[in-house]
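One structure is given below, encoded as structure tokens.
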Amino acid sequence: MSDQQHTGPGARSHDAQSDGRHDVDSRDTANDTSNADIQLAGGHDSEGPPTDGSSHDELATRFADPGLPAHTYRRSDIDPLAARRREREVATLFGLSTLGTLLFIVAYFAVKPSDAAGPEMLGQVALSTKLLGLGLGLAMFCVGAGAIHWAKTLMPDDEIVAERKPMRSSEEDRRAAVAALKEGAAGAGLGRRKLIRNSLLGALAPMGLLAIIPLRDLGPLPGDVLEHTAWKAGRRLMTDPAGRPIKAADLPIGAVVHVLPEGIKKLPRPLDEEAKATAIVIRLAPSDLADQRPDRKGWDVAGIVAYSKVCTHVGCPVGLYEQQTHHLLCPCHQSTFDVTRNCAVIFGPAARPLPQLKLATDEAGYLVAAQDFEEPVGPSFWERGD
Amino acid sequence: MARLEKSAGDIANEIDERFGSAKFVRRSARKVFPDHWSFMLGEIALYSFIILLLTGTFLTLWFKPSQVEVPYEGSYIPLHGLTMSEAYASTLRISFDVRGGLIMRQIHHWAALIFVAAMIVHSARVFFTGAFRKPRETNWLIGVALITLSIIEGLLGYSLPDDLLSGTGFRIAEGVLLAIPVVGTYLSFFFFGGQFPGEDFIARIYTFHVLLLPGIFLALITVHVMLVWYQKHTQYPLPGRTEKNSVGYPFFPVYTAKAGGFFFITFGVTTLLAAFVTINPVWLFGPYTPTQVTAGSQPDFYMGFLEGAFRLMPNWEIHALGYTLSMNIIVPCFIVPGLLFTSMGLYPMIERWVTGDNREHHVLDRPRNVPTRTGLGVMALTTWLILLAAGANDVIAITFHLSINAITWFFRIAIFVVPPLSYVVTKRICLGLQRRDRDLVLHGRETGRIMRLPNGEMIEVHEPISETQRYILTAHESPGPLELEPATDPNGIPRRRVLASKLRARISRFYFEDRIVPPTPTDARELESSGHH
Ligand code: HEM
Ligand code: FES
């Protein structure tokens, strides 16, 4: 027992207690009265210090416990008129509660929001919610307040004292318990019959698999679906949500358009595809293109650039574009991307630039993707590499 | 009346003959419950849980946990004709087309906030008064589990309506799953039934939200309350209250009336709050689509510390051998809460080891009398609060017209500087209060009356404090640091585990080096005989 390598808590005033640090053993544990043994407190009940040291030297080390204060009587204990008044107050509260219930019922039938025409509906919902809430709230609050008022003013308020026994069982019970367990274990003979013990372990240990394996069909394996999106060479950029193609020549400098690939709504799970393909298109002035990475030359169409809108932090749509600074801001954790520098991260928890979508135009002059994103879009994942 | 009593007696008789219940009633009816306002915090949590069960069950009658996309045709005109998931459409139906639906939704949401908040404040009360000490460590651990699970339960519930805000929350959850090393991608695909958002996850989190987690809550809360009953409540260190007794009001009728009444009061207040303060007006956010987002949105407060950790974390990501390790997600989402909750859970064991105190404790500590524990608790709370504030850095920036970068950097530094500072300050305050207590006991209370001594000196008259107060101020123990024993025992045999005991002596010194010993009658007598008052 490493405890005993140390001397006890050395408070000078507590030698009595520190001796008793392991004193649960020395407690009077044979006592088996139930806590129905209750006495009314009379102030005589002080047992000295809060710890159970029974020190001979107590007087010098401790101020005496004056015991429970004498019981003081309330008005309602001595004055029958006051008691009557309290009784009426409690009854009033209970009565208010009944009124609350009535209010709820009346409001329920009197206000029916879905009958209201169009714009009035919201006002009716608000009214209904307030009246129902007021009724229910009053019904609950007043019955509770009444009960507590009753308990505090009319029920007996003398504190009672019950004896507290240590949690630890008596020595006798502990010995008997150990003996019973030993007897049982000997009967089963687990210690002796190694074959049974080992084969039982062999039966139980793999059962965890029974809980895990059937979960396999929760979903398909990832494969490489995170690395591709619905963008393909020649797919038009369609405005989101209107779904119109974009003529490069129609975009003024500074324009910002949210886009999705053409035909995405017709794919098998359109929301899954949108979650990856969503992109933002911005037309920069030629002067703002000076700092673009050399290997991204030719990815724009006359200053029109497109970037994935899925934040490389944990995937929120990066929807806020600041015209003056050319910053794209993610509203979730404020990662900030500089569009003039291929959406490099300039602030926040995102670790990678937003992937760029290489653009081209088709014969009709509409913006199209020149290829899919070169790298997986969105949050990082273990197999992502890079 | 006599008739009534007789029929009640008949029923009781039938029950007792089958279950022997009289024994239990005899013992329990007059069971003593110590009373204090701070003991109501746990009750608020319990009652909020019951409110959640009641209102949640009501909501299940209409809510459709389905991501099937349908056109909206309900009575909320602005969204007419839009396609949305059945989950969102049914939440709109509950709000507008089911009478009482909106008030129930709002009670449910307010009760969820109160549930988590009450548990946090309750656990702070338990911590600062030392109620977690032996034999109550199990209940402390249950409490930590409940708080952790309630954060998850709240996140799931909040996500059920599948509005733009909550859907974005689960988009973030996908990013978090993906960041788990080695298995993250697989976990995410299994969880969402494929790619995000898929068509399965609302139905899955619904089962967790209304069945699995509430079942676990119910089991844990039952054990928690039964342990309080069985081990009996702790009590404050007041005259007449000792380690060997329990002083308070009888279970029946006083405690029953007070606790029962308090349930209704909690329900009433939550309902009134829900009636007059709108919460989560999902119809304003619109249905979830992965391509849109609203700015300045805030999660429920219990998610705030994670949100803050997320925002403060620098963008570290490790790429090696073709794999990616996203420290910018793993640290705020797993390591920070892991450390907070693990240290919280282990604290009772750590303190027991440091103090070597293996006794049962049923009388509470006054926080000032345990300065190191109190300081550590304040430090943990401060950490939590800074993260919470950092989670609202955009709101702070907009409200006070500050640069978001500056605020983020401020918090990045504050998270390392302020908590230790708060520890030191708290500990000093505690020691100061103890010193004042000591002075009060030895010199009495200042009366403000000035008296002139015969020799012309002016002194302030002090009045001795009452016996009761003196007892309250001196009843506690003030252990000193454990001392390290020599490396060998008296027989020259080397002791085992020297390193552990060295470490323990060190931590013990950290805990107990600074201390104020409570005054004793001897001190008082000595002072008196030396001519002071
Ligand atoms: C124990 C803790 C619980 C917490 C912290 C919690 C939290 C929440 C929250 C925050 C919401 C979003 C409410 C909104 O739309 O504003 C919610 C929704 C919901 N909860 Fe719970 N809840 C709990 C227990 C339960 C239980 C026990 C049930 C059912 C038996 C339940 C059923 C529902 C349903 C059906 C919804 C979606 C309906 C809607 O949002 O209108 N909840 N929950
Ligand atoms: S998701 Fe964009 S910053 Fe976190």
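In the text below, chain A, chain B and the rest are named by the order of the sequence lines, each starting its count at 1. Model, not experiment: these values are computed from the prediction.
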Using heavy-atom distances under 4.5 Å, tell me whether Ser326(B) contacts chain A through its side chain, its backbone, both, or neither. side chain
For Pro66(A) and Tyr471(B), which heavy atoms make the closest approach, and how far apart are they? CD-CB, 3.6 Å
Region of Ala275(A) in contact with chain B, defined by heavy-atom distances below 4.5 Å: both
Turns out that what part of Tyr108(A) lies under 4.5 Å from chain B's heavy atoms comes down to both
Using 4.0 Å as the upper bound for N to carboxylate O, is an ion pair formed by Glu163(A) and Lys244(B)? no
Pair Met140(A)-Phe263(B), side-chain contact (heavy atoms from CB on, under 4.5 Å): steps then yes or no: CA-CA 9 Å; Met140(A) 295 294 162; Phe263(B) 163 73; 5.6 Å; no
Is the shortest heavy-atom distance from the side chain of His333(A) to the side chain of Met313(B) under 4.5 Å? no
If one checks every heavy atom of Glu199(B) against chain A at 4.5 Å, the contacting part turns out to be both
Distance-only, no hydrogens or angles: does the Asn328(B) side chain make a donor-acceptor pair with backbone N or O of Pro349(A) under 3.5 Å? yes
Within the 4.5 Å heavy-atom criterion, are Arg384(A) and Tyr323(B) side-chain neighbours or not? no
Sidechain-backbone polar pair: Lys130(A) side chain, Phe276(B) backbone, donor-acceptor under 3.5 Å: no
Any non-hydrogen side-chain atom of Tyr186(B) less than 4.5 Å from a side-chain atom of Leu221(A)? yes
Out of Gly348(A), Gly319(A), Ala277(A), return the one with the most heavy atom pairs under 4.5 angstrom to chain B. Gly348(A)
Which is it for Met155(A) and Lys258(B) under the side-chain contact (heavy atoms from CB on, under 4.5 Å) test, yes or no, and what are the steps along the way? CA-CA 11 Å; Met155(A) 293 184 191; Lys258(B) 278 191 180 171; over 6 Å; no
Rounded at 0.5 Å granularity, tell me how far CE in Met167(A) sits from NZ in Lys232(B). 8.5 Å
For Leu178(B) and Pro379(A), work out which heavy atoms get closest and say how close. CD1-CG, 4.2 Å
Can you tell which part of Val111(A) gets under 4.5 Å to a heavy atom of chain B, answering side chain, backbone, both or neither? backbone
Side chain, backbone, both or neither: which part of Leu473(B) has an atom under 4.5 Å from a heavy atom of chain A? neither
Does any heavy atom of chain B fall under 4.5 Å from the side chain of His313(A), the backbone, both, or neither of them? both
May I ask you to name which of Ala257(B), Ser75(B), Gly175(B), Ser246(B) has the most heavy-atom pairs under 4.5 Å with chain A? Ser246(B)
Select, from Pro197(B), Gly100(B), Gly101(B), the one with the greatest count of heavy-atom pairs under 4.5 Å involving chain A. Pro197(B)
Which atoms of Leu320(A) are under 4.5 Å from chain B, going by heavy atoms: the side chain, the backbone, both sets, or neither? side chain
Checking Tyr76(B) against chain A: side chain, backbone, both or neither under 4.5 Å from a heavy atom? both
Given a strict heavy-atom distance threshold of 4.5 Å, which part of Val441(B) is in contact with chain A: side chain, backbone, both, or neither? side chain
In terms of heavy-atom pairs under 4.5 Å with chain B, the winner among Ala279(A), Pro222(A), Gly137(A), Pro113(A) is Pro222(A)
For each of Pro135(B), Pro253(B), Ser188(B), tally heavy-atom pairs with chain A at distances under 4.5 Å, and name the one with the top tally. Pro253(B)
In terms of heavy-atom pairs under 4.5 Å with chain B, which of Val345(A), Leu138(A), Leu226(A) leads? Leu226(A)
Under 6.0 Å from the CH2 atom of Trp150(A), do we count more than 12 heavy atoms belonging to anything else shown? no
Tell me, side chain or backbone of Leu131(A) under 4.5 Å from chain B's heavy atoms, or both, or neither? neither
Would Leu134(A) and Thr271(B) count as a side-chain contact (heavy atoms from CB on, under 4.5 Å) if you check the C-alpha gap in whole Å, the side-chain angles of each, and the deciding distance to 0.1 Å? CA-CA 8 Å; Leu134(A) 193 65; Thr271(B) 305; over 6 Å; no
Decide side-chain contact (heavy atoms from CB on, under 4.5 Å) for Thr520(B) and Arg62(A); before the verdict, give the C-alpha distance in whole Å, the side-chain angles of both, and the deciding distance to 0.1 Å. CA-CA 5 Å; Thr520(B) 64; Arg62(A) 283 270 167 208; over 6 Å; no
Between Asn393(B) and chain A, with a heavy-atom cut-off of 4.5 Å, which part of the residue counts as in contact: side chain, backbone, both or neither? side chain
Against chain A, label Ala524(B) side chain, backbone, both or neither, depending on which of its atoms sit under 4.5 Å from a heavy atom there. side chain
Side chain from CB out, backbone as N, CA, C, O: work out which of these in Asp240(A) comes under 4.5 Å of a heavy atom of chain B, or both, or neither. side chain
To the nearest 0.5 Å, what is the distance between CG on Leu329(A) and CD1 on Ile404(B)? 7.5 Å
Evaluate the criterion side chain to side chain donor-acceptor pair (under 3.5 Å) for residue pair Thr129(A) and Gln106(B); output intermediate values, then yes/no. CA-CA 9 Å; Thr129(A) 301; Gln106(B) 306 215 114; 5.7 Å; no
Do any N or O atoms from the side chain of Arg164(A) and from the backbone of Gln231(B) form a donor-acceptor pair under 3.5 angstrom? yes
Of all the heavy-atom pairs spanning Glu383(A) and Val182(B), show the shortest one and how long it is. OE2-O, 4.0 Å
Short side-chain to backbone donor-acceptor contact, Asp65(A) and Gly240(B), under 3.5 Å: yes
Checking the side chain of Arg204(B) only, and the main-chain atoms of Leu218(A) only, is there a donor and an acceptor separated by less than 3.5 Å? yes
Is there a donor-acceptor pair closer than 3.5 Å between any side-chain N or O of Arg311(B) and the backbone N or O of Cys332(A)? yes
Please answer whether the main-chain N or O of Val161(A) pairs with a side-chain N or O of Asn245(B) as donor and acceptor at a distance below 3.5 Å. no
Below 4.5 Å, heavy-atom pairs only: which of Val318(A), Leu132(A), Leu271(A) has the largest tally toward chain B? Leu271(A)
Minimal non-hydrogen separation, Asp272(A) against Gly198(B), with atom names: OD1-N, 2.9 Å
Of the backbone (N, CA, C, O) and the side chain (C-beta and beyond), which part of Leu260(A) lies under 4.5 Å from a heavy atom of chain B, both, or neither? side chain
Verify the distance criterion only: is there a donor paired with an acceptor across the side chains of Gln334(A) and Thr408(B) at less than 3.5 Å? no
In terms of heavy-atom pairs under 4.5 Å with chain A, which of Ile172(B), Leu325(B), Thr266(B) leads? Ile172(B)
Per-residue contact mode, Ile265(B) against chain A (heavy atom under 4.5 angstrom): both
Answer key: most heavy-atom pairs under 4.5 Å with chain A among Leu177(B), Val254(B), Thr185(B) is Thr185(B)
Heavy atoms of Phe381(A) and Thr324(B) approach each other most closely as O-CB, 3.4 Å
Check: Glu274(A) side chain, Thr289(B) main-chain N or O, donor-acceptor pair, under 3.5 Å: no
Using a 4.5 angstrom heavy-atom cutoff, name the option from Thr468(B), Val183(B), Asn405(B) with the most pairs to chain A. Asn405(B)
Report yes if some heavy atom in the side chain of Val125(A) is under 4.5 Å from a heavy atom in the side chain of Ser95(B); otherwise report no. no
Pairwise side-chain contact, Glu317(B) with Ser380(A), heavy-atom cut-off 4.5 Å (strictly under): yes
Non-hydrogen atoms of Pro250(B) and Ile160(A) that approach each other most closely: CB-CD1, 3.8 Å
